[in-house]
Amino acid sequence: MSVPSSNDSILSVRGLTKVFYSGVFRRQATVAVKDVWFEMKPGTILSLIGESGSGKTTIGKLILKLIQPTSGQIIYKGTDIAHLKNKEQLRDYYRKVQGVFQDPFATFNPLYRVDRIFNMVYSSFGLDQGKKDEQVREVLESVNLDPDRTLGKFPHQLSGGQLQRLLIARTLLMDVDILIADELISMLDASTRIGILNLLVDICKSRGMSILFITHDLNLGYYISDYTLIMYKGRLVEKGDTKKIYENPVHPYTKMLFESVPDIHRKWDRSEEFLPEHVVQEVREFYAANEGRGFEDVEEEHTVLFSDR
Amino acid sequence: MSENILEVKNLRAYYKVLKGEVKAVDDLTFNVRKGEILGVAGESGCGKSTLANTLISRKPPLHYISGEVRLLGKDIMHMPSEQFRKMRFRNISLIPQYALDAFSPTRRIKQFISDLVRDHGIKADQKFMAKVVDRLRLVNLDESVLDRYSIELSGGMKQRIILTISTILDPEFLIADEITSALDVSSQRYVATMLANFRDEGIIGSAMFITHDLSILYQIADKILIMYAGNLVEIGPTDEIIKNPRHPYTRALIASLPQVGIQYKDHRLEGIEGTPPALLNIGEGCRFRFRCPYMSAKCEGSPALENVSLDHQVSCWYWKEVESDVSA
Amino acid sequence: MIASFLKEHENLYYALTNKKVIVGLVLFLSIVLLALVGPMLTPYDYEGYAGMPYDPPSPNHWFGTTIMGRDVFTLTVYGLRSTLLVGFIAGTIATVVGCIIGFLAGYYGGSWFDEILMMITNIFVVIPQLALLIIISAFLKVRGIIVMSVIVSATAWPWTARAVRSQTLSLKNQEYVSLSRISALSVARILREDIASNMFSYVFMVFILQFNGTMLSTVQLEFLGLGPTRGVSLGLVMQDAVNWNAIQLGMWWWAIIPGLIITVMITSLYLVNTGLDAAFNPRLREA
């Protein structure tokens, strides 16, 4: 693999697979994630790009231990997180690995004031209650929120952007190593997004926090990340240094993503026939033409899935 | 100069709620020419969906307050509802924001279509369905899709079906409210392009494409209208708006769009501080002023709509300053 | 001041001004009032001879008299007490048991624990309610109010359990539950704070429906003669009336009035429930 070796990685994902069973007697199997391998280095931002059904959200949930893998390992600082079973071990894990989700209004229990998310952290992780008010004010200010105008309010009284900042502030109370940001800006307006993105980048650089930025938006992924992972139908099809992937996409799915993303500096070529269905065909032909190659480096820090067998 | 399909003058529509009036659409003036695709852009809460509803289906608590709206020359705000009903679907058609959710999971597509058109007084007989099949082919859907259930289809396919049915009677004016927002990137491109193709083929006369995504509008819209907090802040030809915006809000919005090729280490984008104002019982004055770098006492008075050029209007006291700042 | 308070708590406002809720509440509370106050208004005893038999409603006997000269009004108001009490206790038991089982099954949804709980629930669902009740009632020589309540609630809770389970399952997948999980909150706390609290309005309405259901079951049993062994109850009054061919003999007041009261009560609660549904769910509100 061309991505950073496991020695200096803070998180290693190896052969991760998740199959969901449903239906009567659990007969129906849906492969959400298949055989995913990647590493996260400390203090870097990794964007995980994929569309609906790509498995990207599932990967986030697996890392956060909200669901269990079918096979494969997630290794955090040398320990397979599947071995963290009892309350104390889980608690210690969550001290270091946290997440922010897509819909800020769904992430807050509508019946409680927003302060609750901070109170939970203090009571669960045994932080000093005496310093709570001061520390909470501090983190709120560091995310550009006015404590007097946000604390004590109910979620519906604040905007999506404010709620997302509160959730980010919450992770700053703990000394978090890895943040899983699952589509955390997709429900925000364009003008608010950039503020939050810049905030994430600042936190990452100032605290050495690694961020797994899950999104379907290529442009945002490019803006913010050092490394990029492209997911298609549960498989990791291309990964590596962000600039290299964007300058030289190899996998047909990656190429299609680039062609389809609307950009204000480039108009779509409307003379050519473009059909979403073509991608399935192209990918199939690509795999057939490269049978047996599997994952291969195209250049340093740029790996492509050439065939799925 | 082709005729105007839609003429809107000083349109106001408010929501009347317990606590007062939410001035969601306040003093809008614009036209849509025949063959034009007007993109209506703005962030959440700016009133763009309310605008669509005001034109087609005002239901309490949304009330028309004042202003003139002429569709194909006819005044549709004061038209008796029976008369307007005849225009709906035939002359003016709406694809609402959550149309994808309208599919019933227990009915096949064929039944869904016949249910839908029956509400508009059309019988889904053989001749009609033959036309449907023809049109579905235009959007690359096979006849077999009619026998499927909606859960078997992807979001993109469902949206294509909706686009087809909503335009089956070749309406002169189509309002498409966020038809690409919930779709995957490839489907977004396809559906947006289809909308433009339908206009090119004459299946629809003109369209109003409502979305928060300026980049998509750049691809297919002829004119862009920017809404902010219920007001029209700028309207003009697409290239002008994107390359040379005059309103501070439009400028800031465009500056916050990330593009492939720019990383934060190369160039840090800036967002807009603050949030839009609450529209409940909102008073006079420019609604953007508290977030605007050009704000002054003059902004306490609502700015008038001024001409930048023949087709380009802006609602800001300081647009000339913005213009000179940009070129500086 | 009240007006501004109500403007802040929108839900409450819509709940209290909904026509169905108002009508329903008024009707229901009137009947409860009748049960509470009625016995004090009547000079008669429900068991003794009160006046001329076969008497239609008159100023002396508001609901008339039975074939044996008992005052129907007295019978009704005392019977109402008994029936309401059983319905209330049974409804409460059914709701509480159903909620606990439903919560646990929903929260551990998909696990073997859930499977076992659902198996138990399904067994109870499958058993024909009336048959079970008849058999149990018939075996017990003495049936008091508590026993009756337990019997009736025994077959009512499964419905609640299933409904609560499915609500819990859907609430469990809410993102705020995920947040609580990654904040290392205990299962008990998550159930209490995140899931139960958001189900309050749902559970409240479930309780109302249960109350209705258990009351109907109670009246059914009483009508069949399997009600409380002591005292009088509405169903018993109606059973008496039928046994004595009240309708054929023209004594409509004896058979119909108690039944009418039950009907009004049950209908009023359904009205309240439907009205509350609209209040809690903004999309159902009238313009």
Side-chain angles (χ1 to χ4, degrees), chain A residues 45 49-54 144 158-162 186-202 205 216-226 242-243 246-247 253 256-270 273-280, chain B residues 41-46 139-141 154-157 160 180-193 196-197 200 212-220 238 242-243 249 252-276 291:
Chain A
I45 301 184
I49 313 243
E51 299 182 303
S52 56
S54 61
N144 284 329
L158 300 174
S159 72
Q162 287 172 307
S186 56
M187 293 207 134
L188 302 178
D189 283 327
S191 59
T192 331
R193 279 182 193 181
I194 293 296
I196 306 263
L197 279 183
N198 287 339
L199 175 62
L200 281 180
V201 173
D202 290 340
K205 296 309 167 191
H216 62 272
D217 191 325
L218 264 177
N219 292 338
L220 290 174
Y222 188 88
Y223 176 67
I224 196 179
S225 64
D226 305 301
T242 300
K243 261 205 157 88
Y246 282 65
E247 277 160 16
Y253 177 71
M256 184 282 296
L257 277 184
F258 279 110
E259 277 167 37
S260 313
V261 156
D263 193 278
I264 56 171
H265 298 271
R266 183 181 51 110
K267 290 228 181 187
W268 290 329
D269 182 358
R270 283 186 53 203
E273 235 249 287
F274 174 86
L275 214 62
E277 285 85 287
H278 282 166
V279 162
V280 183
Chain B
E43 300 179 303
S44 52
C46 71
V139 292
N140 259 92
L141 285 177
S154 71
M157 292 170 129
R160 287 185 232 174
T180 53
S181 312
L183 304 177
D184 283 338
V185 145
S186 49
S187 292
Q188 277 190 13
R189 176 172 173 186
Y190 187 75
V191 169
T193 311
N197 287 352
D200 294 341
H212 60 274
D213 189 342
L214 270 175
S215 328
I216 278 206
L217 290 182
Y218 178 68
Q219 306 295 326
I220 63 158
T238 300
I242 300 287
K243 308 291 184 194
Y249 173 65
L253 200 55
I254 300 209
S256 73
L257 294 178
Q259 337 139 8
V260 178
I262 307 283
Q263 290 201 298
Y264 73 87
K265 2 185 177 191
D266 309 318
H267 168 65
R268 214 174 139 103
L269 297 173
E270 286 307 320
I272 311 180
E273 283 292 312
T275 49
R291 303 166 83 185

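In what follows, every chain begins at residue 1, and chains take the letters A, B, ... in the order their sequences are listed.
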Could you grab the distance from atom OH of B:Y190 to atom NE2 of A:H278, nearest 0.5 Å is fine? 9.0 Å
Once rounded to the nearest 0.5 Å, what's the spacing between atom CD1 of A:I264 and atom NZ of B:K243?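 Those atoms lie 6.5 Å apart.
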Can you say whether [X] sits under 4.5 Å from chain B via the side chain, the backbone, both, or neither, judging by heavy atoms?
X      : result
A:L220 : both
A:V261 : both
A:E277 : side chain
A:S225 : backbone
A:F274 : both

Heavy-atom closest contact ([X] atom, [Y] atom, distance):
X      : Y      : value
B:R189 : A:D269 : NH2-O, 3.4 Å
A:I194 : B:G271 : CG2-N, 3.7 Å
A:D226 : B:Y264 : OD1-OH, 4.4 Å

In a table with atom names and distances, give each donor-acceptor pair under 3.5 Å that connects a side chain of residues 180-187 of chain B to protein atoms at least two apart or in another chain.
residue	atom	partner	partner atom	Å
B:S181	OG	B:E178	OE1	2.3
B:D184	OD1	A:S52	N	3.2
B:D184	OD1	A:S52	OG	3.1
B:D184	OD2	A:S52	OG	3.2

[X] vs [Y] side-chain heavy atoms within contact, under 4.5 Å:
X      : Y      : value
B:Q219 : A:R270 : no
B:E270 : A:S191 : no
A:D202 : B:R268 : yes

Max heavy-atom pair count under 4.5 Å with chain A, selected residue of B:I220, B:I272, B:L269, B:L253: B:L269
Given a strict heavy-atom distance threshold of 4.5 Å, which part of [X] is in contact with chain A: side chain, backbone, both, or neither?
X      : value
B:N197 : both
B:L257 : side chain
B:A196 : both

Answer yes if the side chains of A:D263 and B:S215 hold a donor-acceptor pair under 3.5 Å, and no otherwise.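 B:S215 and A:D263 do not have a side-chain donor-acceptor pair below 3.5 Å.
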Counting only N and O atoms by type, is there a donor-acceptor contact under 3.5 Å from the side chain of A:D189 to the main-chain atoms of B:E43? no
Do any N or O atoms from the side chain of B:K265 and from the backbone of A:Y223 form a donor-acceptor pair under 3.5 angstrom? no
In terms of heavy-atom pairs under 4.5 Å with chain B, which of A:V279, A:L257, A:L275, A:T192 leads?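 That would be A:L275.
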Tell me, please, which residues at least two apart from A:H265 pass side-chain hydrogen bond (donor to acceptor under 3.5 Å, both in side chains).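 Residues passing side-chain hydrogen bond (donor to acceptor under 3.5 Å, both in side chains) with A:H265: B:Q259.
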